Colleague: 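To start, I am sharing the structure in question, which I have written as structure tokens.
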There are 2 protein chains.
Amino acid sequence: MSAPTKRNTRQRRAIIDFLKTRKEFISAKELYSEMEDSKVGLSTIYRALSDLVNDGDLDVFIDNDGESRFRLCGSHHHHHLLCRKCGKSVEFQAPEAEALAERLGASEGFSEMEHRLEIIGTCRECV
Amino acid sequence: MSAPTKRNTRQRRAIIDFLKTRKEFISAKELYSEMEDSKVGLSTIYRALSDLVNDGDLDVFIDNDGESRFRLCGSHHHHHLLCRKCGKSVEFQAPEAEALAERLGASEGFSEMEHRLEIIGTCRECV
DNA sequence: TTGATAACGGGAATCATTGTCAATAAGCCG
DNA sequence: CGGCTTATTGACAATGATTCCCGTTATCAA
Ligand SMILES: [Zn+2]
Ligand SMILES: [Zn+2]
Ligand SMILES: [Zn+2]
Ligand SMILES: [Zn+2]
């Protein structure tokens, strides 16, 4: 993955390997129980997930019960924020949008979701 | 508002009146302290907010600290989920998207945000 | 006004997440 | 291959937002 700052421990490898086998979002607790054979502590799972998120290797979103759910990042898919006056544009990632598209599509019986999101505003210089 | 199932109590009126004066998102706890003159219990605030959300009168999103933040709904703005094969479409609301647009735009110094979001998938019949 | 019952509120309970800290094990140097 | 330094681990405690509980109070139709 993209993090050079962390040591390569058995626990971290196990977590990443597990995530690779998993396409859907998963919570820390679920990961903990599904990985019980690997003997990785819950604190370690929380720490590893947090690091992976910071390194940009994981998408996260918070579900309706307030629990965070994680998934390995796919591509370099992104969105745009652009100014309606000068056209200046900023790229951004939006895990919430990724998760939302999956959840919403699935809840309506759709599959193979893709989506488009763009935000238009007036930038500081154009106000 | 749009809820016929709830009684019209002093507390509920106070909460709605307060929300009307407030354009930004606010958390339950913040509402509690900012409304302390109105003597409304925290439990009541949580219940009222939850009811208002269920009735579609409030937008919610969960901030980075896992705390829910609320705001009175604006218009009947909505989004579309559509099938890439047959074109069938479903309308949906996405408070997360509304909140995301505001947050993200603001964080980049933009104002007067609007946005467009659409999800494309394959519907059950077209798989 | 009254009675049925929804709503209130204060405190306890829940539960995901974070902090603590002694024990352990990467990674490095010789 | 051994030690050394220090990041990492994991069991457990602590936190904090939200929900639950339950005796009390207020609403409102009749
Ligand atoms: Zn501009
Ligand atoms: Zn996206
Ligand atoms: Zn279709
Ligand atoms: Zn929208």
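Throughout, a chain's letter reflects where its sequence line sits, starting with A, and its residues are numbered from 1. Predicted model, so just to flag it, every value in this text is computed and none were measured.
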Colleague: Is there a side-chain contact between S68(A) and the phosphate of dA16(C), meaning an N or O under 4.0 Å from OP1 or OP2?
Modeller: no
Colleague: Think T44(B) has a side-chain N or O under 4.0 angstrom from the OP1 or OP2 of dG9(C)?
Modeller: yes
Colleague: Let me know the distance between CG of L49(B) and C1' of dA17(D), rounded to the nearest Å.
Modeller: 13 Å
Colleague: Of the nucleotides dA7(C), dG27(C), dG9(C), which has the atom closest to the R7(A) side chain?
Modeller: dG27(C)
Colleague: Please determine whether a side-chain nitrogen of the Lys or Arg among K6(B) and D55(B) lies less than 4.0 Å from a carboxylate oxygen of the Asp or Glu.
Modeller: no
Colleague: On the nucleotide dG10(D), are OP1 or OP2 found under 4.0 Å from the side-chain N or O atoms that Q11(A) carries?
Modeller: yes
Colleague: Is R10(A) near enough to dG10(D) that one of its side-chain N or O atoms lies under 4.0 angstrom from OP1 or OP2?
Modeller: yes
Colleague: For a 4.5 angstrom cut-off between non-hydrogen side-chain atoms, does V60(A) reach L49(A)?
Modeller: no
Colleague: Between N or O atoms, less than 3.5 Å apart, protein on one side and nucleotides 1-4 of chain D on the other: list the pairs.
Modeller:
none

Colleague: Just the rounded figure in Å: distance from C1' of dG9(C) to CZ of R47(B).
Modeller: 7 Å
Colleague: Does Y46(A) place a side-chain N or O at less than 4.0 Å from the phosphate oxygens OP1/OP2 of dT18(C)?
Modeller: no
Colleague: Starting at the 5' end of DNA chain D, which residue's closest nucleotide do you reach first, S27(B) or V40(A)?
Modeller: V40(A)
Colleague: Find the distance K39(B):NZ to dT25(D):P and express it as a whole number of Å.
Modeller: 17 Å
Colleague: For a side chain to side chain contact (heavy atoms under 4.5 Å, CB included) with Y32(A), tell me which candidate from I15(A), I45(A), V40(A) qualifies.
Modeller: I45(A)
Colleague: Does the side chain of M35(A) reach to within under 4.5 Å of the side chain of L31(A), using non-hydrogen atoms?
Modeller: yes
Colleague: Is the shortest heavy-atom distance from the side chain of E114(B) to the side chain of H77(B) under 4.5 Å?
Modeller: no
Colleague: Starting at CZ of R13(A) and ending at C1' of dA25(C), how long is that distance when rounded to a whole Å?
Modeller: 12 Å
Colleague: Taking atom P of dG27(C) as reference, at what distance in whole Å does atom CG of N8(A) sit?
Modeller: 5 Å
Colleague: Answer with base, sugar-phosphate or nothing: what part of the nucleic acid does S43(A) contact at a heavy-atom distance below 4.0 Å?
Modeller: base
Colleague: Between the side chains of E96(B) and R103(A), is the shortest nitrogen-to-carboxylate-oxygen separation below 4.0 Å, so that they form an ion pair?
Modeller: yes
Colleague: I need the NZ-P distance between K29(B) and dG10(C), as an integer number of Å.
Modeller: 15 Å
Colleague: Give the rounded distance in Å between these two atoms: CD of E67(A) and P of dT18(C).
Modeller: 12 Å
Colleague: Out of curiosity, does I120(A) fall in the hydrophobic cluster containing M113(B) (side-chain heavy atoms, cut-off under 4.5 Å, transitive links)?
Modeller: no
Colleague: OP1 or OP2 of dA7(D) versus the side-chain N and O atoms of K6(A): is any pair under 4.0 Å?
Modeller: no
Colleague: Starting at CG of L42(B) and ending at C1' of dG16(D), how long is that distance when rounded to a whole Å?
Modeller: 12 Å
Colleague: Is the shortest heavy-atom distance from the side chain of Q11(A) to the side chain of K39(A) under 4.5 Å?
Modeller: no
Colleague: When you get a sec, tell me which of dT6(D), dT9(D), dC21(D) is the closest nucleotide to the side chain of R12(A)?
Modeller: dT9(D)
